[in-house]
Q: 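Dropping a structure here in structure tokens format, bear with me for questions.
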2 protein chains.
Amino acid sequence: MTVHILTIGDELLIGQVIDTNSARMAQFLLEIGAKVTGKTTVGDDHDGIIQALKIASHTADIVLVTGGLGPTKDDITKKAIADFYGAGFVFHDPTFERITRIWQRLGKPISDAVKDQCWMPQNATILPNKMGSAPGMWFEENNTVVVSMPGVPFEMEYLMEYEVMPRLQQRFNSLPSAHRTLLTAGEGESTIAEYLKNFEDSLPVSVKLAYLPAIGRVRLRLTVSHQDEVFIKKTLREKFSEMESLLPLELIAGYDDDTLESAIGKTLKAKGLTLATAESCSGGYLAHLITSVPGSSAYYLGSVVSYANEVKMEQLGVKAETLKSFGAVSEQTVQEMVTGALSLLKADIAVATSGIAGPDGGTPEKPVGTIWIAVGNKDRILTKKLQLGRDRMRNIQYTGYFALNFLRLFLKEEKKEG
Amino acid sequence: MTVHILTIGDELLIGQVIDTNSARMAQFLLEIGAKVTGKTTVGDDHDGIIQALKIASHTADIVLVTGGLGPTKDDITKKAIADFYGAGFVFHDPTFERITRIWQRLGKPISDAVKDQCWMPQNATILPNKMGSAPGMWFEENNTVVVSMPGVPFEMEYLMEYEVMPRLQQRFNSLPSAHRTLLTAGEGESTIAEYLKNFEDSLPVSVKLAYLPAIGRVRLRLTVSHQDEVFIKKTLREKFSEMESLLPLELIAGYDDDTLESAIGKTLKAKGLTLATAESCSGGYLAHLITSVPGSSAYYLGSVVSYANEVKMEQLGVKAETLKSFGAVSEQTVQEMVTGALSLLKADIAVATSGIAGPDGGTPEKPVGTIWIAVGNKDRILTKKLQLGRDRMRNIQYTGYFALNFLRLFLKEEKKEG
């Protein structure tokens, strides 16, 4: 089953928005062994969209379209697709009712622009979009499927997961397949690839390994596609544990849907431990990662984001002497931040960060990107120094994930409470 | 002058790498008023590349190609382009000398794979690449220019800036253009579009308006393209202020590169005010947004992320009685959180959030998505209740941006300090 991805929007062409959708869609499609054979981007231009649809629908079994479904003038994807099929429009009551509810909740009257979103091409199967006002649309003609989705990433993700993927698997009885994911943290893609080189080379055609790298983590997805379900189960179990056995134990952070954040949460719950954070350079990002996990309130008490030195001293009890002689970005400071957070928030374990996120504020001794991280409990405190680059946002994100992984390794040593 | 961007590489199709190059190239091209009319991505596939070149070179004056110039087996762009033109290869001595110097500096012998990189299509003008081994290539046939560059972002950037852009400007005396951006916050794309409907309809062809929506904000980008620089300046100034005058003043949050975060920072600096936050449901995300701005330490003191009620009481001084009778998610609680943060962190202004981010934890009276926000100083505290959806991450992000916008509106009333 071949797929062509068609992304629509002037903002993609003028370079104001970076297209992350098509990469995400490709990852979804990998799981059912669908191959993305091409990708096209056109502007909010009626004829351009139709032209692109013609070419795409001739080169692939499926055309996944995102963007141009908003309520504004420049959102003309729906009209263009209808004209591509020579289809008229019908008013879709269920969509109108859904949108009405949304706007009632916002306590606003429905604008005509929004009402217009309820007119749908008559040949479209409507895919309800729980995440936004514009629904997805599924078209099927002469053996080619065209799916139109909003360009808003989380709306596209919702439709892909709950509406599009199940239909694709049903429509194209593609080889049954199953996959498992291994989450690694602490090493980059190339290092992981070294460990798995021979393993990869030895994989049969029915088994695919995909690397999904992110900041501080690499997700390894092993997919087995085969007509025999029993073969799939057996092969996946065997190959997955073989892959796992080839990696250093400390790199393995989780399985399947685990994230670094959620895996840490599981460990804290299992050991009955509570967590607090004290953040300077990460500025709340570490707390945000931890609290992005549903149910994190069960083990996470809170954070003191101590951006000002006064807050470090008065709230976390960092000694003026320490800040004076070693500076706010120092091993001693993050150690005292951990001690302070432990007693202030009455936590079993605390993590602290302090560094120069940049782009300015560096010195010859402590250039931009110098970051100190500490994790500890009442008995022991471990520290780590990072030397990162000059990009502020990257430094903040790296610090957050490095700190999480440092915490994960610390927790391996921790006894169960009581 | 129209441009088609062709990016090449399997890694782009399987979603392993997010294509940032084409956005960057588009930004370069905007500066000379070149219009990117389309973007295509193909894999490392000889025939696929040729097919894409055929289509692209028919639809645009210029085709910018990136990727597939490396020394490895799957880098076949050069061969495909040569075959597209039916061109033979010649050994390019200057490139060989340059590469030789690079490898001598690395103290490595030159591999045959690297030597192969010195064979160039005979009809190519070679663009020296100071950043890497593979040079860029410039082709010109029947009024279409095809430029091939490496996919490594900083190599592409170097070639665009120093080799490609000057040639393009010389080759095509293109329509100059300029743009300005207006940042709005507090209303969605459709509401903004209502205000600007007649304005949009009345715009001459030389003026284009683009909507760039994000959570809680909509960026409006007005672009004027015309041969007369004076006309551009005049029209952009007039149309931009006309557009601005059509929007309610409270929606206008910033200009050009401003973000909601940075605009608030400017205001706080200008008024000499310091800021603190007290976060429950936003869990540090609000602090993260504020500290994502370079130099935010000048006005931002810190945050107490009070996930646990104990932290709300002991750190922020929220009364047990308040939590008992009104609950943690209540107007009274966020008011007391503001008061607590003001005195605890000695700030002029404080923002507080408390809500049920979900997906669980809702009740009939307070369903998931019920969020309270408060902003205030020693004299006055404003509160706002939000009723959001069930998606945890969305609720956290919305809360962050709603709180920022609520703060922005509060600051409009604030006097300059002292």
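Throughout, a chain's letter reflects where its sequence line sits, starting with A, and its residues are numbered from 1.
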Q: Parallel under 30°, tilted from 30 to 60°, perpendicular over 60°: which one fits the rings of B/H288 and A/H288?
A: parallel

Q: Side chain, backbone, both or neither: which part of A/T40 has a non-hydrogen atom closer than 4.5 Å to chain B?
A: both

Q: With respect to chain A, which residue among B/A214, B/A308, B/S303 yields the maximal number of heavy-atom pairs within a distance under 4.5 Å?
A: B/S303

Q: Sort out for me which of B/P294, B/S282, B/G38 touches chain A most, counting heavy-atom pairs under 4.5 Å.
A: B/P294

Q: If you count heavy-atom pairs under 4.5 Å between each of B/A193, B/S190, B/G283, B/A52 and chain A, which one has the most?
A: B/G283

Q: Quick one: pull up CG in B/L301 and CD in A/E310 and give me the separation to the nearest 0.5 Å.
A: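 Rounded to the nearest 0.5 Å, the CG-CD separation comes out at 7.5 Å.
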
Q: Can you tell me which of B/K35, B/E187, B/R390 forms the most heavy-atom pairs within a distance under 4.5 Å of chain A?
A: B/E187

Q: Between B/E200 and chain A, which part of the residue has a heavy atom less than 4.5 Å away: side chain, backbone, both or neither?
A: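 The side chain, not the backbone.
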
Q: What is the distance from atom CE of B/M393 to atom OG1 of A/T291, rounded to the nearest 0.5 Å?
A: 7.5 Å

Q: If you round to the nearest 0.5 Å, how far is OG of B/S292 from CD of A/Q397?
A: 10.0 Å

Q: Mind ranking A/V304, A/T59, A/V293, A/T7 by heavy-atom pairs under 4.5 Å with chain B and telling me who comes out on top?
A: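 Option with the greatest count: A/V293.
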
Q: Please classify the contact of A/M25 with chain B as side chain, backbone, both or neither, using a heavy-atom distance under 4.5 Å.
A: neither

Q: Measure the spacing between CZ of B/R394 and OH of A/Y158 and express it to the nearest 0.5 Å.
A: 14.5 Å

Q: By a 4.5 Å heavy-atom criterion (distance strictly below it), what part of A/D360 contacts chain B: side chain, backbone, both, or neither?
A: neither

Q: For the interface with chain A, which of B/S297, B/S280, B/A276 has the highest count of heavy-atom pairs at distances below 4.5 Å?
A: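 With the most close heavy-atom pairs to chain A, the winner is B/S297.
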
Q: Would you mind checking which part of A/D75 comes under 4.5 Å of any heavy atom in chain B, side chain (CB onward), backbone (N, CA, C, O), both or neither?
A: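 Side chain of A/D75 only, per the 4.5 Å heavy-atom cut-off to chain B.
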
Q: For chain B, which candidate among A/A26, A/A357, A/G361, A/G9 shows the most heavy-atom pairs at distances under 4.5 Å?
A: A/A26

Q: Using non-hydrogen atoms and a 4.5 Å limit, figure out which bit of B/Q315 sits close to chain A: side chain, backbone, both or neither.
A: side chain

Q: Check each atom of A/I290 against the heavy atoms of chain B and say whether the ones under 4.5 Å are side chain, backbone, both or neither.
A: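 Contact with chain B involves no heavy atom of A/I290 at all.
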
Q: With a 4.5 Å cut-off on heavy-atom pairs, point out which of B/R392, B/K312, B/E314, B/E194 contacts chain A the most.
A: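 Among B/R392, B/K312, B/E314, B/E194, the one with the most close pairs to chain A is B/R392.
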
Q: Roughly how far, to the nearest 0.5 Å, is CG of B/L12 from NZ of A/K39?
A: 5.5 Å

Q: Applying the side-chain contact (heavy atoms from CB on, under 4.5 Å) criterion to A/L13, which one of B/L29, B/V36, B/I5 satisfies it?
A: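 Result for side-chain contact (heavy atoms from CB on, under 4.5 Å) with A/L13: B/V36.
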
Q: Where does A/Y300 contact chain B at under 4.5 Å (heavy atoms): side chain, backbone, both or neither?
A: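 It is both, since atoms from each part get that close.
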
Q: Take a 6.0 Å sphere around CG of B/D257 and say whether it holds more than 12 heavy atoms from other residues, nucleotides or ligands.
A: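 For B/D257, atom CG is not crowded (no more than 12 foreign heavy atoms under 6.0 Å).
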
Q: Check the surroundings of atom OH in A/Y162: do more than 12 heavy atoms from other residues, nucleotides or ligands lie under 6.0 Å from it?
A: no

Q: What's the separation between atom OG1 in B/T37 and atom CG in A/D10, rounded to the nearest 0.5 Å?
A: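 Answer rounded to 0.5 Å: 11.0 Å.
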
Q: So what's closer than 4.5 Å to chain A heavy atoms on B/L344: side chain, backbone, both or neither?
A: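 Both backbone and side chain.
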
Q: So which part of A/K346 gets closer than 4.5 Å to some heavy atom of chain B, the side chain, the backbone, both or neither?
A: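 Contact with chain B is through the side chain of A/K346 alone.
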
